[in-house]
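Here's the structure, in structure tokens; my notes come after.
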Amino acid sequence: MKTAQQSASFKKALRQRTALVWMLCFGFITIILFTSTTQLAISYRTALATATERATSKSFLIAEWVEKSFELTRFVLQETARGFDAQELIYPTTNPEQHAQQTAWIIERVQRAPNFVFLGMLDRDCVVTHTTIGINLGFDALAHQREYCTLAQKEPLTGLKVSNMFTSVDHTQNVTVSYPLTDATGALDGFALAGLDLSFFQQWLDLIELEPHNVITLYDLNSRLLARKPFIAQNIGMQIEEEHLNRMAKNPSEEHYSHRLISPVDGIERIWSLRRIGDLPFIVVVGEQTSAAIATWRQMLFLYLIAATSLCLSLIFGAREYIRNFQQAMEMHLLATTDPLTSLSNRRCFSDSANRMLSHYNTLAHHKTQNQPPVLIMLDIDHFKQINDCYGHDIGDQVLIDISRVIKSKCGKHHLSARWGGEEFVLLLPNTDLNTAIEFANQLSQQISKLKSAPERTITASLGITTYRAKESLESLMKRADVALYNAKERGRNRIEVA
Ligand SMILES: Nc1nc2c(ncn2[C@@H]2O[C@H](COP(=O)(O)OP(=O)(O)OP(=O)(O)O)[C@@H](O)[C@H]2O)c(=O)[nH]1
């Protein structure tokens with residue numbers, strides 16, 4: 001049975017240690033969670049930034065390629081415009097043979113560019129004078145309404161003009177490309193105009209290696225889909241209603257834009273890079289599937305989750321185990337050093353502490369330090385057997401506990417005290433003169449006699465006192481105190497004897 005005091009100090013120490021261990025444990029867990037979360041957030045952002053970078057580079061390369069692919073078109077049209085007699089646009093020949101020769105010359109030009117659907121010469125009012133596809137000369141009924149005409153006539157001298165996409169009569173997706181013809185003074189005489197089949201965009205995109213679920217698309221400025229990898233036939237020529245694409249199409253100053261969006265075509269979320277292709281009326285859009293871009297990050301997240309969870313669990317279980325061990329060690333220590341009934345030190349613990357005190361005194365004495373020697377008091381309850389016999393062992397135990405409490409409060413922190421065995425107690429008072437020790441023993445004796453542990457009986461004790469002699473052993477000191485105690489018993493009990 002432990003006293004309330006003993007278990008209170010034990011509980012306090014355990015509580016303090018437990019609080020410290022859990023504080024450290026949760027401190028580490030917080031650091032682990034904070035570090036992993038920060039690391040994961042950084043790598044998530046890096047993964048998205050890398051994918052955006054990749055999409056941006058791809059859109060740049062494709063835009064470069066599309067621009068280059070129009071160089072041949074520009075060259076053929078330029079050659080045609082320069083080689084054709086502009087006078088023939090203002091005053092076309094009425095000689096059919098001569099006209100046929102001029103048309104043959106144009107047909108020869110058209111064969112130089114594999115994607116040309118047709119090539120024609122138009123006067124400055126967009127009236128067709130020569131053509132490779134044999135439409136009526138003087139055809140102009142719809143010409144003015146067609147985009148290529150208004151486009152060619154708008155700032156006519158600025159060079160190559162490319163129209164938005166239109167679907168031709170043979171259901172192919174085409175654009176028109178025009179180049180101005182000027183006279184010696186630089187005035188506009190007419191245009192060389194070609195139709196281009198855009199299927200070469202698709203053929204070229206088909207050659208590009210692409211990771212699954214990534215997309216490359218080409219649009220015109222009407223947001224119409226010109227080509228797509230992977231190819232979806234029914235989407236080609238379709239006008240796509242997408243806010244960012246539409247905005248870029250309408251805003252010539254916006255050259256590049258990247259964002260994350262679920263594709264309106266196939267419903268997959270991607271990181272998109274939209275890029276205007278130079279002066280051409282096209283926009284290239286490259287999409288990197290978001291989930292593929294963060295696939296490595298996802299694996300990392302999984303590993304982090306496993307590592308952080310195991311680390312946190314190890315810390316929690318480690319802390320629990322430590323606290324359990326600490327509690328057991330404290331209990332063991334208490335058992336090994338304390339008397340379980342009175343919670344006073346036991347014989348072994350007292351001997352260790354007393355030997356340390358005596359050796360300290362001997363060291364001081366050796367250095368001739370002015371110090372009083374320790375005084376040993378041995379205390380034995382009088383007629384304790386009778387108490388047991390009259391009131392039972394429980395009351396006997398209570399007497400032992402109450403006397404121990406008196407001894408403990410009297411000794412405080414500076415004096416050693418212990419239950420030596422049975423109903424016998426020892427006290428060692430450091431640096432104490434004999435008179436003080438006798439006064440101390442008297443007070444102790446009086447306090448014991450006031451105890452009401454056993455009903456209708458005054459509890460008394462006999463005390464033997466002796467002063468330590470330098471260099472003697474604890475055993476010899478104990479023996480002398482025992483003699484004094486024996487004398488006290490012999491001389492009638494409830495008294496103090498000095499030896
Ligand atoms: N209740 C209780 N009794 C104990 C304990 N330890 C020893 N005793 C009893 O203490 C008694 C000691 O008796 P004695 O040695 O004859 O001494 P006494 O009766 O005090 O007589 P004097 O010392 O000569 O005054 C014995 O009856 C033991 O059983 C204990 O822990 N609890």
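Everything numeric here is computed off the predicted structure, so don't read it as measured data. Remember, it's 1-based here, ligands and their atoms both numbered in the order they're listed.
Closer than 4.0 angstrom to ligand 1 lie heavy atoms from D380, I381, D382, H383, F384, K385, N388, H393, G396, D397, L400, R419, G422, E423, K489, R493.
Looking at D266 and R228, a side-chain N of the basic residue comes within less than 4.0 Å of a carboxylate O on the acidic one, giving a salt bridge.
Residues meeting the salt bridge (Lys or Arg N to Asp or Glu O under 4.0 Å) test with D389, sequence neighbours left out: K385. Every residue two or more places apart in sequence or in another chain that forms a side chain to side chain contact (heavy atoms under 4.5 Å, CB included) with S36 is listed here: I32, Y304, A308.
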Determine, stepwise, if the pair N246 / S223 fulfils side-chain hydrogen bond (donor to acceptor under 3.5 Å, both in side chains). CA-CA 6 Å; N246 293 350; S223 304; 2.6 Å; yes
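Sorted by first and then second residue, the salt bridge (Lys or Arg N to Asp or Glu O under 4.0 Å) pairs involving residues 279-302 (not counting sequence neighbours) are R54-E288, K58-E288.
If you look at H256 and F60, their ring centroids are not closer than 6.0 Å.
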